[in-house]
Amino acid sequence: MPRRRQYWLMKSEPDEFSIDDLRRSKNGTARWDGVRNYQARNFLRDDFEAGDAVLFYHSSCDSPGIAGEAVVVRKGYPDPSAFDPDSSYYDPKSDPTRPVWYSVDVKFVRACRNIITRPALAAMPELKTMLVLKRGIRLSVQPVTESEWRVILNHAEWV
DNA sequence: GCCAACGTTGGC
DNA sequence: GCCAACGTTGGC
């Protein structure tokens, strides 16, 4: 029984990996790895499905906000970077027989012509409850409601 | 660079 | 299981 498509917001520091980096990736597709937070891990491992929609959010930068749209093309699987001693994401707690951390693959869909900034998001009454706008919420992977998704897509101009 | 808020660690 | 200390996140 196909489940309804779910919506997510995923944060990335554009200095590390931006929406343009995703666009330029092979097939526009990249592994989302390095998530080291249990609540975010649970989403990746248990709830992400191929076809789910993603808001690509730029964080820790001059103009934080929504930068584009992506789609999940591979559901959660053990994060290989956790097994790699040379990776900065290496975590000896995780091994292939008992993986702790999970990745998904996401594919570029489109970029916003302009970043939808936090002030712009905060100015939309429909987004009052959006997690990313709440102070103290720092989940790097978080669910978005269908109505939040719709409001944002209607607001954005796309490249 | 500051700092508030959060998550994790580790002693007890 | 408590909780203080520490490290990290992330907006400003």
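Throughout, protein chains are lettered first and strands after them, A, B, ... in sequence-line order, and every chain is numbered starting at 1.
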Residue pairs involving residues 120-146 of chain A (criterion salt bridge (Lys or Arg N to Asp or Glu O under 4.0 Å); sequence neighbours excluded): A:R4-A:E146
Could you work out, with salt bridge (Lys or Arg N to Asp or Glu O under 4.0 Å) as the rule, every residue matching A:D21, not counting sequence neighbours? A:R24
Residues forming a side-chain contact (heavy atoms from CB on, under 4.5 Å) with A:R113, sequence neighbours excluded: A:E157, A:V159
Hydrophobic cluster (4.5 angstrom, side-chain heavy atoms) - remaining members for A:L153: A:Y7, A:L9, A:L55, A:Y57, A:I66, A:I116, A:L121, A:M124, A:L127, A:M130, A:V132, A:L133, A:V144, A:W149, A:V151, A:I152, A:W158
Degree of bending in the helix from B:dG1-C:dC12 to B:dC12-C:dG1 once both end axes are built from five pairs, to 10°: 10°
Distance-only donor-acceptor pairs under 3.5 Å for side chains of residues 40-52 of chain A, two or more places apart:
| from | atom 1 | to | atom 2 | distance (Å) |
| --- | --- | --- | --- | --- |
| A:R41 | NH1 | A:V100 | O | 2.8 |
| A:N42 | OD1 | A:R45 | NH2 | 3.4 |
| A:N42 | ND2 | A:Y38 | O | 3.4 |
| A:D52 | OD1 | A:R3 | NH1 | 3.3 |
| A:D52 | OD1 | A:R3 | NH2 | 3.4 |
| A:D52 | OD1 | A:Q6 | N | 3.0 |
| A:D52 | OD2 | A:R3 | NH2 | 2.9 |
| A:D52 | OD2 | A:W8 | NE1 | 3.0 |
| A:D52 | OD2 | A:E49 | N | 3.0 |

Residues two or more places apart in sequence or in another chain: which of them pass salt bridge (Lys or Arg N to Asp or Glu O under 4.0 Å) with A:R23? A:D20
Taking only residues two or more places apart in sequence, or in another chain, which ones meet A:R110 in a salt bridge (Lys or Arg N to Asp or Glu O under 4.0 Å)? A:E69
Indicate for each nucleotide in nucleotides 5-12 of chain C, in 5' to 3' sequence, whether protein heavy atoms under 4.0 Å reach the base (B), only the sugar-phosphate (S), or nothing (-). --BBBBSS
